[in-house]
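Remember, it's a predicted structure, so these values are computed and weren't measured experimentally. Just so it is clear: chains get the letters A, B, ... in the order the sequence lines come, proteins before strands, and each one is counted from 1.
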2 protein chains.
Amino acid sequence: MTSHDPDERVAGPAPAPPGDATPATSPRAAAPAPAPPGGGAGLPALRGHNAALMLGLLRAAGPAGVSRLELAAHTGLTPQAVSKILARLRVDGLVAEAGRRASTGGKPPTVLRLVPEARYAIGLHLDRDELTAVLTDLAGRTVAARTAPLDLGAGASAVLDTVAGQLAALPDEARSSRVLGVGAACPGPLDHTAGVLRRVTGFPDWDGFPLRDALAERLGLPVVLDKDTNAAALGLARRAPDGRGSFAYLHLGTGLGAGLVLGGVLYRGARTGAGEFGHQVLQLDGPRCGCGKRGCVEALCLDRAARGEPAEAARILGVAAANLVELLDIDRVLLGGRTVLARSDTYVRGVAGALAEQARIRGDGGTSAIPVAVAEGGAQAVADGAAHLVLAPLFGAPGTPFGGGGAAEPR
Amino acid sequence: MTSHDPDERVAGPAPAPPGDATPATSPRAAAPAPAPPGGGAGLPALRGHNAALMLGLLRAAGPAGVSRLELAAHTGLTPQAVSKILARLRVDGLVAEAGRRASTGGKPPTVLRLVPEARYAIGLHLDRDELTAVLTDLAGRTVAARTAPLDLGAGASAVLDTVAGQLAALPDEARSSRVLGVGAACPGPLDHTAGVLRRVTGFPDWDGFPLRDALAERLGLPVVLDKDTNAAALGLARRAPDGRGSFAYLHLGTGLGAGLVLGGVLYRGARTGAGEFGHQVLQLDGPRCGCGKRGCVEALCLDRAARGEPAEAARILGVAAANLVELLDIDRVLLGGRTVLARSDTYVRGVAGALAEQARIRGDGGTSAIPVAVAEGGAQAVADGAAHLVLAPLFGAPGTPFGGGGAAEPR
DNA sequence: GCACTTTGGCAACAGCGTTGCTTAAGTGGA
DNA sequence: TCCACTTAAGCAACGCTGTTGCCAAAGTGC
């Protein structure tokens, strides 16, 4: 079965066809209420919240797993409650027992871990000249990845064809019913909520195109659309040790953008346009930038880089990063993008220098220098992160409001 | 001093800072659960969440009130559930019926409203040379306000004496058991979580002083400590029509600071140091600022203001504000502080001009110019907002995590 | 081999919002 | 005047949540 039923509606949790007896997994409810935003919560929301929390802790534990009592301690829930919740997750196939740990003077604890192959997500990175598609499992591991040339200027139909072709070439799991959906990352600006592209620099024809719905219809899967920098930041957030940190991912390629993770949660802003970092004015009445303003970081930075002065470019980026750190009080800065990767040491050193200088001036002792590093993941980072646009709702982000996805039933 | 028994436990949910999930324990032990951060939720949390949500909607409705069915529609809860929740709140004395509205073809709806005098909070603004204390009721109205000279340099004991004296001069309600706590706002930087002051500019002796606990012990009430700009922003957030907006409050007085409300929630940052807006570098290698860096907005702005060029100062502030708007995608900018208020028209025009220019360049149509206004509340805005540091947890912020205060029992 | 510790499940329970139905209190047409 | 209809709100029973109390399982250590 290579193609999904084209008539299938994707948006809502479509009520399962009566004749189609879904296997073991228990379809709990047909999502009764559209839940007005900011709404009240009932028992289903409570269950979803705790289930998501537990899945998040299990994912953080990795292959090593966690014991029930450890989960109880981390969540503040009763061991008995943890047992019940885990029982539900085990029935759904998301969690499994994985042996026992050594005793500490009593009955040895049973170790639990995620079942990575229980669910999958597809991540797409639609760049200006290249398409990357990855298949990611529940644990966040990249199962498969493909890259193909792409011409964003070739029109919607051609782009959709390319995407469909690449997905068809992914392993069979990519077409199983265990795929939760597709995360698509594009150059901004775009409207995440509506799933519509805006004026992608250099490709004005895409302005207003409902890419999310077009992809959803073509692929027969739910689709989430977001900016490439946001996707990358989301992917990096998963790698954070505590899962609650705040950081900025600064992407310096042909342009300069940022993805902000504040308190462990991707920050998108009121109109999902946050992170437009490139056109922060850093030099009052400075040289005119392509955007029409004067003294934008992007222009200053890329100019120095083009002139073969990467150290100076890095210093400028560092000043902008220091602004960011002061304003948002984040605890980490990650760098990425082609321009950075070409001279990563220089850029890390330049930005770290600016931040160290600032820490020295503030001299807070406690708030010593903010660490700077090159973002892991390399060229695939955006596509990887795009998959997490779909996976993330399953896992309880540290301070998420009610009703994190919970044990999402596939399709 | 007052009639408070110093050993008495101030029961009920300790006022948690809005926006983050830290339980912010009162000096004494909290009764139920220490609730590990980001923890799981049970039925009490569910109840608290919905109660807080309801209180938030009731507050937003103001004296006009709301009907049960309207609350049901806004929350997504069943009318029956709304009835039950309101019954509990009425028993607690927080909510009361207030007549009926005209019929629309059936039984006329009963109107419900907050009982403003059911709870109170005290707001303190400890400025460098002045102390303002206000008594605020549940509806957010300022019941009483007092201002007295203060010398922050006179030492902790003298400052505490002054505070206690001012509180003693507030109306009797300020000493009733219905007072939930005290919100204290100071010039930054400080550590909101620990309740400890940092290097207040000009008063280095305060560095490391545990003001929150000192005030709590002296006054026998729970205390929440925060930066003056944060308090002001929180107070302004309550005035927002939708309650979910994002805005920045820019305070230009003897210094320049910002309070950020993102998605209806006060954003404090990882180490509660967010909003350090004054030392954003706006002119690469510009004139040296008192802070040690070069080209900070604060230095540029105040220099122009001192030179009698308010229009130029406003333009510079506008460029910095435009940076903020682009980075965080907020939908409103509010101005305040002595320097602004002295020439408010000039500053509003200057900042609005910069934002309009940016909107023109982006030319998004939808995202037309971000509105700019002078913050309401005047000199009392900070003290008013400080009271909301205590009140806010009672009301469900739009997207708050679990366990918003709920119906706090006094004593 | 026995006391002890640690782990984890079973059963009963209190409390949450939901469902189904009834009562209250209006409007409006015959 | 009466009766059908609409809207509002409460009562009772219910399903499901995490919690509590208790007990069985499975180790360690003397």
Side-chain angles (χ1 to χ4, degrees), chain A residues 26 28-33 35-36 39-54 65-73 75-91 95 97-112 402-403 406-407, chain B residues 32-33 35-36 39-54 65-73 75-91 95 97-112 402-404 406-407:
Chain A
S26 52
R28 295 218 183 268
L43 292 185
L46 184 66
R47 177 178 64 194
H49 173 86
N50 285 334
L53 201 71
M54 210 117 312
V66 217
S67 78
R68 288 178 172 84
L69 285 178
E70 287 166 347
L71 288 170
T75 55
L77 293 170
T78 311
Q80 184 60 24
V82 172
S83 276
K84 285 188 180 179
I85 295 166
L86 288 175
R88 293 196 298 256
L89 294 175
R90 285 171 60 190
V91 168
V95 171
E97 296 192 343
R100 325 196 125 178
R101 213 177 280 157
S103 163
T104 61
K107 177 175 175 177
T110 311
V111 171
L112 295 142
F402 254 132
Chain B
L43 293 184
L46 184 66
R47 170 214 193 109
H49 173 86
N50 285 335
L53 200 71
M54 211 117 310
V66 216
S67 77
R68 288 178 172 84
L69 284 179
E70 287 165 348
L71 288 170
T75 55
L77 293 170
T78 312
Q80 184 61 30
V82 173
S83 276
K84 285 188 180 180
I85 295 166
L86 288 175
R88 292 195 299 257
L89 295 175
R90 285 171 60 191
V91 168
V95 171
E97 296 192 343
R100 327 196 125 176
R101 214 177 278 157
S103 163
T104 61
K107 177 175 175 178
T110 312
V111 171
L112 295 142
F402 254 134

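Between B:L71 and the options B:L53, B:L77, B:V66, a side chain to side chain contact (heavy atoms under 4.5 Å, CB included) holds for only B:V66.
What separates CG of B:L71 from P of D:dG10 is a distance of 12 Å, to the nearest Å. As a whole-Å value, the separation of B:I85 CD1 from C:dG17 C1' is 8 Å. Rounded to whole Å, the distance from CG on B:L112 to P on D:dA9 is 8 Å. Atom CZ in B:R101 sits roughly 10 Å away from atom P in D:dA8 (whole-Å rounding). Atom CD in B:E97 sits roughly 14 Å away from atom P in D:dA8 (whole-Å rounding). The separation between B:K84 atom NZ and C:dT19 atom C1' is 10 Å, rounded to whole Å. In this entry the distance linking CG of A:L43 with C1' of D:dG18 reads 10 Å, nearest Å. For the pair A:L46 CG and D:dC16 C1', the interatomic distance rounds to 10 Å; values are reported in whole Å.
Heavy atoms of B:L69 sit under 4.0 angstrom from primed sugar atoms or phosphate atoms, though from no base atom. Note on A:S83: only backbone sugar-phosphate atoms sit closer than 4.0 angstrom, heavy atoms only; bases stay farther off. No engagement by B:S67 is indicated, since no non-hydrogen atom pair under 4.0 Å with the nucleic acid exists. Within the nucleic acid shown, B:P109 comes within 4.0 Å of sugar-phosphate atoms alone, with no base atom in reach, counting heavy atoms only.
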Across nucleotides 24-30 of chain C, 5' to 3', mark each nucleotide with B, S or - according to how protein heavy atoms within less than 4.0 Å reach it. BBBS---
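Between B:R68 and D:dA9 there is a side-chain N or O to OP1 or OP2 distance below 4.0 Å. For D:dT17, the OP1/OP2 oxygens have a side-chain nitrogen or oxygen of A:R47 closer than 4.0 Å.
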How does DNA chain D look in dot-bracket form if you count Watson-Crick and G-U pairs under 3.5 Å, write [ ] for pairs that cross, and put | where a base pairs with another strand? ||||||||||||||||||||||||||||||
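The distance from atom NZ of B:K84 to atom CG of B:N50, rounded to the nearest 0.5 Å, is 12.5 Å. Note that CD of B:E97 is 5.5 Å distant from CG of B:L112, once rounded to the nearest 0.5 Å. Atoms CD1 and NE2, on B:I85 and B:H49 in that order, are 9.5 Å from each other to the nearest 0.5 Å. Distance check: B:T110 OG1 to B:L86 CG gives 10.5 Å after rounding to the nearest 0.5 Å.
Side-chain proximity of B:Q80 to C:dG8, C:dT19, C:dG17: nearest is C:dT19. Side-chain proximity of A:N50 to the nucleotides C:dT19, D:dG18, D:dA9 is greatest for D:dG18. When each of D:dT17, D:dA8, D:dT20 is scored by its nearest atom to the side-chain atoms of A:T78, the top-ranked nucleotide is D:dT20. Of the candidates C:dT18, D:dG18, C:dG9, D:dG18 carries the atom nearest the A:A81 side chain, counting heavy atoms from C-beta on.
By the 4.5 Å heavy-atom criterion applied to side chains, B:V82 and B:L69 are not counted as neighbours.
When every heavy atom of A:G105 is checked against every heavy atom of A:S103, the shortest pair comes out as N-OG, 2.9 Å. Considering all non-hydrogen atoms of both residues, A:A102 and A:P108 come closest at C-CB, 4.4 Å.
Legend: residues meeting salt bridge (Lys or Arg N to Asp or Glu O under 4.0 Å) with B:R101, ordered by chain and number and at least two apart, are B:E70.
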